Amino acid sequence: MKSLGKNTVFALVDCNNFYASCERVFDPRLEGKPVVVLSNNDGCVVARSNEAKALGIKMGVPVFQIARLIHTRGVQVFSSNYALYGDMSRRVMQTLSRFTPEIEIYSIDEAFLDLTGFHRIDLNDYGRNIRSTARQWTGIPVSVGIARTKTLAKIANRIAKKSLKTGGVLDLTDSPHLSRALEITDISDVWGVGSRYAKFLKQHRIVNALRLRDADDAFIRKRMGVWGTRLLHELRGISCYPLESGPPARKGITVSRSFRHPVQDLSDLEEAVATFVSTGAKKLRKQRSAAEVLMVFASTNRFEPDHFYFNLHTVALPVPTSDTPELIHHALEGLRRIYRKGYRYKKAGILFKGLVSARPIQMGLFDPRNRRRSERLMQTIDRINDRMGPKTLTYAAAGLHPSAPWKTVFKRRSPAYTTDWNRLPRVS
DNA sequence: TCTGGGGTCCTAGGACCC
DNA sequence: TCTGGGGTCCTAGGACCC
């Protein structure tokens, strides 16, 4: 059942402060304390507990800028622990899928539930049930917003999260409070309205979601395109974005990292790029794709514009492929073309584009490789790494030095509580 | 000293063809 | 002086999301 049009009902379930909440589940001493989680290389704040938000710590702020605050207010700081968050996300989603067969996992911490046709039940009760079950089974607090469209469900969810008296659940389906809810929603908090459009709309006195809902169609169409028109419909309760079932195959795959320390030598850059390629190639194979185009880029520190250097090289691959050594070969050739001696590189990455289905394998007329053999080899390597850990088999080109200057560090990472036998929490 | 990473969709404009 | 029209495909860049 794909819900489009009128009388649809969507619930948006969103985990509160997801990464910070995950850390708390296994370390109850963190309850009530400000907690933040950092990006790669412990660079920026990417998640905050309510207590951390109350201290004025902003999303995305570089951690060195709040060093004093962290120290004086006893903020608990964690590196990102993707193994933990990924596994906790899976548990939450599994729990949610007991409440409807129609679920769309929208991001690591959000899911849309299609509740169209759930007429006979009290949706607020149902939402409260979802919330308490998720909390009890996974330890993660969630908020639930229910409405006629995804955009309105987002708005309901936001209010549910912020306003204590909702108890974390708000149903705006045919609600007399709908207009009021739209009125108290700042235009910049509407799903799909970013900083640029928010500024533009405010200049035209469209300061909240209610004003946008009642805005002139032609004006919005002209200034915000077809996408703006869809947004108007969604705010008016006409669903334009149906529930998406399976995740669509990616149209491109990117792997890029900032380096812990600046890199000057080509050989270090080569190791980094070879590593990124092997990560990306594994993603390609996982979704059974092959790439027609490979791009490789490197850049210096973007915060030092005086000696900034960025360059990108594009390779049209002779045959679509997901073969790691072949991709490494082309990536390194591209890298050597853009490398300029004397720069302090701070970031590099690779992109795979023009993704096509891996099978049937397209044979090149003068293709020197034995595709069938290389495919079996890749399968074997992937299987071993899935079983024994991601770095069990790697390529020599990716380097062997664990402390190479380009490598990402996570100095304050919590244990992999749920995905490593040796890290299971003990109950005493 | 220290500043994340990976996506999507839409549109405008250029290249090219008939 | 004067300089077709329309279609397709591709790409770069803008805007947004988590």
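The structure presented is a predicted model; accordingly, all values stated were derived computationally and were not measured. Throughout, a chain's letter reflects where its sequence line sits, starting with A, and its residues are numbered from 1.
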Contacts satisfying side-chain hydrogen bond (donor to acceptor under 3.5 Å, both in side chains) that involve residues 197-216 of chain A (not counting sequence neighbours) are A:Asp186-A:Lys202
Do any of residues 46-62 of chain A sit with a heavy atom less than 4.0 Å from DNA chain C, and if so which?
none
A:Arg302 CZ to B:dC2 C1', in whole Å, measures 13 Å
A:Ser267 and A:Asp265: side chain donor to acceptor below 3.5 Å:
no
Strictly below 4.0 Å, heavy-atom distances to any atom of DNA chain B: list the hits from residues 78-94 of chain A, or just say none.
none
Can you pull out every ring-ring contact (aromatic ring centres under 6.0 Å, His included) where at least one residue sits in residues 34-69 of chain A? Sequence neighbours excluded, please.
none
Through what angle, rounded to 10 degrees, does the axis of the helix from B:dG5-C:dC18 to B:dC18-C:dG5 turn between its ends, using five pairs per end?
10°
Check: A:Thr149 and A:Trp191 side chains under 4.5 Å, non-hydrogen atoms
no
Considering heavy-atom distances to DNA chain B, does A:Ala249 or A:Asn40 have its closest nucleotide positioned more toward the 5' end?
A:Asn40
I'd like to compare against my own output: the B/S/- annotation of nucleotides 10-15 of chain B with a strict under-4.0 Å heavy-atom distance to protein.
SS----
With rounding to the closest Å, how many angstrom separate the C1' atoms on C:dG4 and B:dC17?
14 Å
Please list all pairs passing the ring-ring contact (aromatic ring centres under 6.0 Å, His included) test where one or both residues lie in residues 245-282 of chain A, with sequence neighbours left out.
none
From CA spacing to verdict: side chain to side chain contact (heavy atoms under 4.5 Å, CB included), A:Cys22, A:Ile140:
CA-CA 7 Å; A:Cys22 288; A:Ile140 300 290; 4.0 Å; yes
Only counting residues at least two apart or in another chain, list the ones meeting side-chain hydrogen bond (donor to acceptor under 3.5 Å, both in side chains) with A:Asn311.
A:Tyr309
Main chain of A:Ala134, side chain of A:Thr138: is a donor-acceptor contact present, judged purely on distance under 3.5 Å?
yes
Aromatic ring centroids of A:Tyr345 and A:Tyr339 under 6.0 Å?
yes
What I want to find out is whether A:Lys150 reaches A:Glu104 closely enough, with some N-O distance under 4.0 Å, to be called a salt bridge.
yes
Phosphate contact (B:dG5 OP1 or OP2) by A:Ser39 side-chain N/O below 4.0 Å
no
Not counting sequence neighbours, list each pair that qualifies as a salt bridge (charged side-chain N to carboxylate O under 4.0 Å, His left out) and has a residue in residues 267-291 of chain A.
A:Glu270-A:Arg336, A:Lys282-A:Asp386, A:Arg285-A:Asp382
For A:Ser79, which of A:Asn41, A:Asp42, A:Asn40 qualifies under side-chain hydrogen bond (donor to acceptor under 3.5 Å, both in side chains)?
A:Asp42
Stacking between B:dT3 and A:Phe303, yes or no? Criterion: centroid separation under 5.5 angstrom, plane angle under 30 degrees.
yes
Considering residues at least two apart in sequence or located in another chain, which fulfil the side-chain contact (heavy atoms from CB on, under 4.5 Å) criterion with A:His71?
none
With the threshold set at under 4.0 Å for non-hydrogen atoms, list the residues of residues 206-218 of chain A touching DNA chain B in residue-number order.
none
Which residues in residues 256-280 of chain A have a heavy atom closer than 4.0 Å to any atom of DNA chain B?
A:Ser256, A:Arg257, A:Ser258
Under 4.0 Å from OP1 or OP2 of B:dG5: is there any side-chain N or O of A:Lys347 that close?
yes
